[in-house]
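What follows is a single structure, written as structure tokens, with notes after it.
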Amino acid sequence: MRKIIISETLDQIKVGVIDNSKLTYFLIDSANQQSSIRGNIYKAKKNLSGKGIEASFVEIGENKNAFLSNFHPLKADFNTDYSDSYKTEDKNFILVQCVSDYDPRKAPKVSDFVALPSKFCVIIAKPKFFGISKKIIDEEKRSRLKTLKKFSTKNIGIILRTSAENQKLKDIKEDIRQTKAKWKEIINDFKASDIPTLIHQENNIIENIYRELLTDDTSEIQVDSRKIYNYFKKQTSNSSRKKEKIKISLSTSKKDIFNINKVDKEISRIFHKKVNLKNGSFLLIEEKEGLTVVDVNSGRSLNNKKENNLTVNLNAAKEIAHQVILRNLSGIVLIDFIDARNSSERNKIFKVFKDSMKKDKAKHSILPMSKFGIIEMTRQKIGNRTSSLVSEDCAVCHGSGAITRKDIICYDLIREIIFIRKRTKKANFRIEIKDELAETVAEILNKNNTNPSLKGLDIMLISKKLAENYKII
């Protein structure tokens with residue numbers, strides 16, 4: 001069963017998804033500022049003189065350029081006989097969707113294949129196209145969903161998502177209707193504008209949780225924000241899904257809900273290279289840009305007579321799949337297992353790993369294990385790696401290691417002060433804090449000075465050289 005926990009501190013939102021008592025996803029975002037432009041839709045101006053190999057550059061507004069690529073995660077699923085039928089163009093302008101984020105070294109990547117996702121469907125500008133998620137394999141369910149084909153038109157196509165599998169047709173129809181209305185607004189705005197500009201911005205983190213992470217097996221949503229609590233109450237009350245199975249609770253505890261659910265320690269280990277397994281073996285995970293190497297080590301496991309290379313590898317395969325999804329690893333992943341004796345053992349390990357990756361929402365491709373005991377896979381990049389949410393390059397080791405991000409430490413400090421105030425009614429706080437953290441705390445307090453959580457608090461920061469990050473006195 002799935003449990004979703006959401007904590008809001010000032011303008012920061014933390015999300016944890018727990019599947020069968022194990023942390024599966026961890027997200028951090030700002031409630032007021034979009035951290036990713038992936039999924040945004042723009043009216044872009046073509047730059048005919050800036051063509052490259054199978055691509056060119058376009059202007060997407062505010063004098064910002066983007067790389068117009070032939071790539072889109074969904075594009076490979078369509079018949080290429082009508083390769084240009086999905087394009088929306090107007091003279092020297094074209095409708096594009098961002099498929100990667102800004103990078104200090106290169107422009108973001110955009111595609112002229114535009115897809116507008118919602119809870120149960122995806123609208124695309126491919127006339128008369130109708131598709132059903134390949135993950136829905138039950139023929140009876142597919143036949144039922146095929147009755148919705150009539151909703152694709154001469155202007156748009158429809159893909160039904162995996163989340164539509166067990167939903168009532170009337171709910172799916174309503175979702176299609178609302179998404180069509182959004183699409184119509186996008187096209188109208190595209191035609192109305194005479195400059196390159198942002199047409200549609202992707203949903204904020206809370207709306208994305210409802211769309212992407214709230215599944216049929218979700219049993220509980222626990223939040224510590226009244227606003228977020230009201231949002232999920234409203235969304236589930238408007239749906240005919242089995243909402244009675246979902247318990248939506250507002251935590252009034254004076255403790256952090258991540259601490260209450262015992263996942264805070266697991267979050268702190270997300271950027272650790274070493275992952276210990278219960279049988280005494282361990283994984284070493286080396287994350288580099290575009291490449292991750294995972295090494296399986298037997299450790300103390302082989303001291304146990306019940307363990308051998310195969311059992312160690314099988315246990316490791318399940319945990320590696322979990323870590324790939326939790327850490328949101330992308331690009332090429334190389335997994336070096338302990339020597340497998342024969343092709344039969346290699347096939348067993350490959351099958352366990354492949355089956356464990358089936359729950360992954362990102363597209364991936366896995367090659368069978370080689371004779372050297374290595375499995376190679378590629379995984380679609382969706383957002384930033386989870387480790388980058390909780391760590392940053394260390395000024396001391398110049399990127400060879402990682403420390404917890406300054407803003408994460410500072411939000412934790414403010415959260416601790418807020419909980420102390422709830423317990424003790426204390427309003428005046430003196431904080432001894434490391435020099436490099438004091439400025440970040442001051443910035444956070446300043447930009448959130450109207451937040452009700454800070455009302456009546458008097459916080460004095462005293463910069464000092466400390467062994468620990470801060471001390472509340």
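For clarity, every value in this text was computed on a predicted model and none was experimentally measured. Index from 1, following the sequence.
With sequence neighbours excluded, the residues forming a side chain to side chain donor-acceptor pair (under 3.5 Å) with Ser453 are Asn451, listed by chain and number. Residues that satisfy the side chain to side chain donor-acceptor pair (under 3.5 Å) test with Arg269, not counting sequence neighbours, are absent from this structure. Taking Asp224 as the reference, Ser7 meet the side chain to side chain donor-acceptor pair (under 3.5 Å) condition, with sequence neighbours excluded. Under the side chain to side chain donor-acceptor pair (under 3.5 Å) criterion, Arg177 pairs with Glu174, not counting sequence neighbours.
The salt bridge (Lys or Arg N to Asp or Glu O under 4.0 Å) test with Glu8 is passed by exactly one of Lys14, Lys227, Arg226: Lys227. Between Ile228 and the options Val15, Leu250, Ile221, Val223, a side-chain contact (heavy atoms from CB on, under 4.5 Å) holds for only Val223. Between Lys3 and the options Asn261, Asn20, Thr218, a side-chain hydrogen bond (donor to acceptor under 3.5 Å, both in side chains) holds for only Asn261.
His272 contributes atom NE2, which lies 9.0 Å from atom CZ of Arg327 (distance to the nearest 0.5 angstrom). Atom CZ of Phe350 is separated from atom CD1 of Ile366 by 6.5 Å, given to the nearest 0.5 angstrom. Atom CG of Leu466 and atom NZ of Lys471 lie 6.5 Å apart (nearest 0.5 Å). For the atom pair CD1 of Ile338 and CG of Leu310, the computed distance is 10.5 Å after rounding to the nearest 0.5 Å. Atom CD1 of Ile5 is separated from atom CZ of Phe26 by 9.0 Å, given to the nearest 0.5 angstrom. Rounding to the nearest 0.5 angstrom, the gap separating the CD atom in Glu436 from the CD1 atom in Ile409 is 8.5 Å.
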Side-chain donor-acceptor contacts of residues 438-446 below 3.5 Å, not counting sequence neighbours, with atom names and distances?
none

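Listed by first and then second residue, the side chain to side chain donor-acceptor pair (under 3.5 Å) pairs involving residues 404-431 are Thr9-Arg415, Asp11-Tyr411, Gln12-Arg415, Glu392-Lys406, Arg405-Asp407, Asp412-Arg415, Glu416-Tyr470 (not counting sequence neighbours).
What you find for Cys121 and Asp175 is that their closest heavy atoms are N-OD2, 3.4 Å. Shown here for Gln235 and Tyr210, the closest heavy-atom pair between the two residues is NE2-CE2, 3.4 Å. Contact between Phe271 and Ser387 at its shortest, heavy atoms only, is CB-CB, 4.0 Å. Heavy atoms only, all atoms of each residue included: Ser219 and Met1 are closest at CB-CE, 3.5 Å. Heavy-atom minimum distance, Phe419 versus Lys254: CD2-O, 2.8 Å.
A salt bridge links Arg161 to Glu212: one of the charged nitrogens lies within less than 4.0 Å of a carboxylate oxygen. For the pair Glu319 and Lys278, the salt-bridge criterion is not met [side-chain N within less than 4.0 Å of a carboxylate O].
Counting heavy atoms from C-beta outward, Ile6 and Phe232 have side chains that approach closer than 4.5 Å. Two residues are said to be in side-chain contact when any heavy atoms from C-beta on lie closer than 4.5 Å; Met377 and Phe353 meet this criterion. Side-chain contact between Ile60 and Pro196: absent, with no pair of heavy atoms (C-beta onward) separated by less than 4.5 Å. Residues Glu220 and Ser249 are in side-chain contact: their nearest non-hydrogen atoms beyond the backbone lie under 4.5 Å apart. Using a 4.5 Å heavy-atom cutoff, the side chains of Leu437 and Asn469 are in contact. Counting heavy atoms from C-beta on, the side chains of Val17 and Leu23 never come closer than 4.5 Å. Using a 4.5 Å heavy-atom cutoff, the side chains of Asp295 and Glu286 are not in contact. Two residues are said to be in side-chain contact when any heavy atoms from C-beta on lie closer than 4.5 Å; Ile320 and Val296 meet this criterion.
Counting only distance, with no hydrogens or angles, the side chain of Lys43 and the backbone of Phe190 share a donor-acceptor pair below 3.5 Å. Looking only at distances, no side-chain donor or acceptor of Lys318 sits under 3.5 Å from a matching main-chain atom of Ser356. No side-chain donor-acceptor contact under 3.5 Å links Ser330 to the backbone of Arg379. A donor-acceptor pair is defined here as one N or O able to donate and one able to accept, closer than 3.5 Å; no such pair exists between the side chain of Ser193 and the backbone of Asp189. The backbone N or O of Gly39 sits less than 3.5 Å from a side-chain atom of Gln97, completing a donor-acceptor pair. At least one donor-acceptor pair under 3.5 Å links the side chain of Arg38 to the backbone N or O of Val99. Here the side chain of Asp19 pairs no donor or acceptor atom with the backbone of Thr24 at under 3.5 angstrom. The closest donor-acceptor contact from the side chain of Ser163 to the backbone of Lys119 lies under 3.5 Å. No donor-acceptor distance shorter than 3.5 angstrom exists from the side chain of Glu432 to the backbone of Lys464, with no hydrogens or angles considered.
Around NZ of Lys45, the count of heavy atoms belonging to other residues, nucleotides or ligands within 6.0 Å does not exceed 12. Environment of NZ in Lys135: crowded, with over 12 heavy atoms of neighbouring residues, nucleotides or ligands closer than 6.0 Å. Within a 6.0 Å radius of NZ in Lys434, more than 12 heavy atoms belonging to other residues, nucleotides or ligands are found.
Between the side chains of Arg385 and Thr292, a donor-acceptor pair is found at a separation under 3.5 Å. Side-chain atoms of Gln178 and Ser118 include no donor-acceptor pair closer than 3.5 Å.
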Under the criterion side-chain contact (heavy atoms from CB on, under 4.5 Å), I'd like the reasoning laid out for Phe429 against Leu413: C-alpha separation, chi angles, the key distance, then a yes or no.
CA-CA 11 Å; Phe429 292 84; Leu413 165 60; over 6 Å; no

Verdict with supporting geometry, Phe282 and Leu277, side-chain contact (heavy atoms from CB on, under 4.5 Å):
CA-CA 5 Å; Phe282 62 92; Leu277 305 181; 5.5 Å; no

Step by step, work out the side-chain contact (heavy atoms from CB on, under 4.5 Å) result for Lys64 and Tyr42.
CA-CA 11 Å; Lys64 293 178 180 177; Tyr42 298 86; over 6 Å; no

side-chain contact (heavy atoms from CB on, under 4.5 Å), that's the test. Do Asn279 and Thr311 meet it? Break it down for me.
CA-CA 10 Å; Asn279 59 2; Thr311 58; 5.7 Å; no

